[in-house]
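Each remark here refers to the structure printed beneath this line.
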Amino acid sequence: MLPAWTFEHSIECEVTPEFAWDFWTDVRHWVLDADVESIEIDGAFAPGARGVTHSKSSGRLEWRIIEVHFGKAVVEFPLAGAVGRFEWTFARAGRGTKITQRCTLEGEQANAYAKGFGPSLEEGIPQGMRKLADAIEDASRPR
C-alpha cells in the first residue's frame, strides 16, 4: 500500500557519518526541537524499543523503533486509524554526512492527519534538521 502522505528532506552536515549517527541516536539530543519538552526511551536505541516524546503542542506522543542499523533508523508513531513513520538515514557525502528524514502516513485516517498536521511538518522539518545539523557540528568542535 502506498502512503497517503510523504515528505522528505535532506541536509548536509560537516562531520563524519559515525559522529552524526552517534549524536542522533542519543535521544537526549532530540530536545533540540523547540516543541519537545522531554524524551523517554525504555532501553537502548534498538529495534523494539519504545519511547515517549513530551511535546508542548501535542502532549504525550508514544513511538516505537522498528528498524535500526548503522546509518538508518525507522521510528513509528501509532495514531488512531493511521501510522506515522519517520525514516532517518545518515550517508557519507564528500567529507561530511547527508542526513535525510523521510516521513510517511498510512492507514484509513492518514489523509485526515496529512491535512491536519502535514503542512506544519513540511514547514518545521527543514528548520529542525538545520538546527540538528548545527548542533552536531557544534558538538564536534574541540572545546
Side-chain angles (χ1 to χ4, degrees), residues 1-111 113-141:
M1 172 168 65
L2 291 176
W5 175 84
T6 301
F7 179 74
E8 184 173 306
H9 183 75
S10 296
I11 194 161
E12 292 202 8
C13 188
E14 296 301 317
V15 300
T16 65
E18 293 80 8
F19 190 91
W21 176 254
D22 287 345
F23 185 95
W24 183 77
T25 57
D26 179 345
V27 299
R28 293 174 297 181
H29 294 131
W30 294 7
V31 297
L32 290 168
D33 185 323
D35 188 49
V36 174
E37 291 180 331
S38 64
I39 301 284
E40 300 169 21
I41 189 169
D42 69 0
F45 194 89
R50 294 185 179 277
V52 176
T53 298
H54 297 277
S55 163
K56 294 172 188 169
S57 65
S58 303
R60 179 184 170 93
L61 302 169
E62 296 184 8
W63 45 268
R64 179 173 65 101
I65 300 171
I66 58 171
E67 179 182 347
V68 175
H69 54 85
F70 176 76
K72 181 180 178 182
V74 180
V75 179
E76 189 172 86
F77 290 78
L79 303 163
V83 64
R85 286 190 188 87
F86 291 75
E87 178 182 309
W88 288 80
T89 57
F90 294 73
R92 188 164 306 282
R95 295 174 52 190
T97 302
K98 179 180 179 182
I99 303 171
T100 300
Q101 183 179 182
R102 181 175 190 268
C103 312
T104 61
L105 286 167
E106 297 177 16
E108 293 176 12
Q109 298 299 315
N111 283 324
Y113 285 110
K115 289 177 186 168
F117 60 78
S120 64
L121 286 173
E122 291 174 13
E123 181 181 331
I125 286 172
Q127 296 168 4
M129 289 182 70
R130 177 73 267 158
K131 195 175 198 181
L132 172 65
D134 290 346
I136 292 170
E137 289 172 353
D138 186 54
S140 75
R141 293 186 187 101

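- Nearest heavy-atom pair, Cys103 versus Ile125, reported as atom, atom and distance to 0.1 Å: SG-CD1, 3.4 Å.
- Distance CD/Glu12 to CE/Met129: 11.0 Å, rounded to 0.5 Å.
- Scored by the salt bridge (charged side-chain N to carboxylate O under 4.0 Å, His left out) test, Glu76 finds Arg64, Arg85 as partners (sequence neighbours excluded).
- To the nearest 0.5 Å, the span separating CG on Asp26 from CZ on Phe45 amounts to 10.0 Å.
- A centroid separation of 6.0 Å or more is found between the aromatic rings of Trp88 and Trp30.
- Counting all heavy atoms, side chain and backbone alike, Ser38 lies closest to Val31 at CA-CG1, 4.0 Å.
- Taking 4.5 Å as the limit, every side-chain heavy atom of Pro119 sits out of range of all side-chain heavy atoms of Phe7.
- Residues Ala91 and Pro17 come closest through the heavy atom pair C-CG, 4.2 Å.
- The nearest pair of heavy atoms linking Trp24 to Ala73 is CZ3-CB, 3.7 Å.
- Val68 places none of its side-chain heavy atoms less than 4.5 Å from the side chain of Thr25.
- Ring pair Trp63/Phe77 is tilted by interplanar angle, where 30° to 60° counts as tilted.
- Here the side chain of Thr97 pairs a donor or acceptor atom with the backbone of Val15 at under 3.5 angstrom.
- Identified under the side chain to side chain donor-acceptor pair (under 3.5 Å) test for residues 116-127, with sequence neighbours left out: Trp5-Glu122.
- Each salt bridge (charged side-chain N to carboxylate O under 4.0 Å, His left out) pair with one or both residues in residues 130-139, not counting sequence neighbours, appears once here: Arg130-Asp134, Asp138-Arg141, Asp138-Arg143.
- Atom CG of residue Leu105 and atom NZ of residue Lys115 lie 12.5 Å apart, to the nearest 0.5 angstrom.
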Exercise for the section: Any chance you could lay out the side-chain contact (heavy atoms from CB on, under 4.5 Å) test for Phe23 and Leu132, step after step, and finish with the verdict? Expected result: CA-CA 9 Å; Phe23 185 95; Leu132 172 65; 3.9 Å; yes

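- Here the side chain of Thr89 pairs no donor or acceptor atom with the backbone of Lys72 at under 3.5 angstrom.
- Between Glu87 and Arg102 no salt bridge is recorded (no basic side-chain N to carboxylate O distance below 4.0 Å).
- Contact between Leu79 and Gly84 at its shortest, heavy atoms only, is CD1-N, 4.1 Å.
- With rounding to the nearest 0.5 Å, the separation of CD1 in Ile39 from NE2 in His54 is 8.0 Å.
- Summarising the geometry, atom OG1 belonging to Thr53 is positioned 10.0 Å from atom CD belonging to Glu62; distances are rounded to the nearest 0.5 Å.
- Using a distance-only test at 3.5 Å, with no hydrogens or angles considered, no donor-acceptor pair links the side chain of Tyr113 to the main chain of Val83.
- Atoms SG and CD1, on Cys13 and Ile136 in that order, are 4.5 Å from each other to the nearest 0.5 Å.
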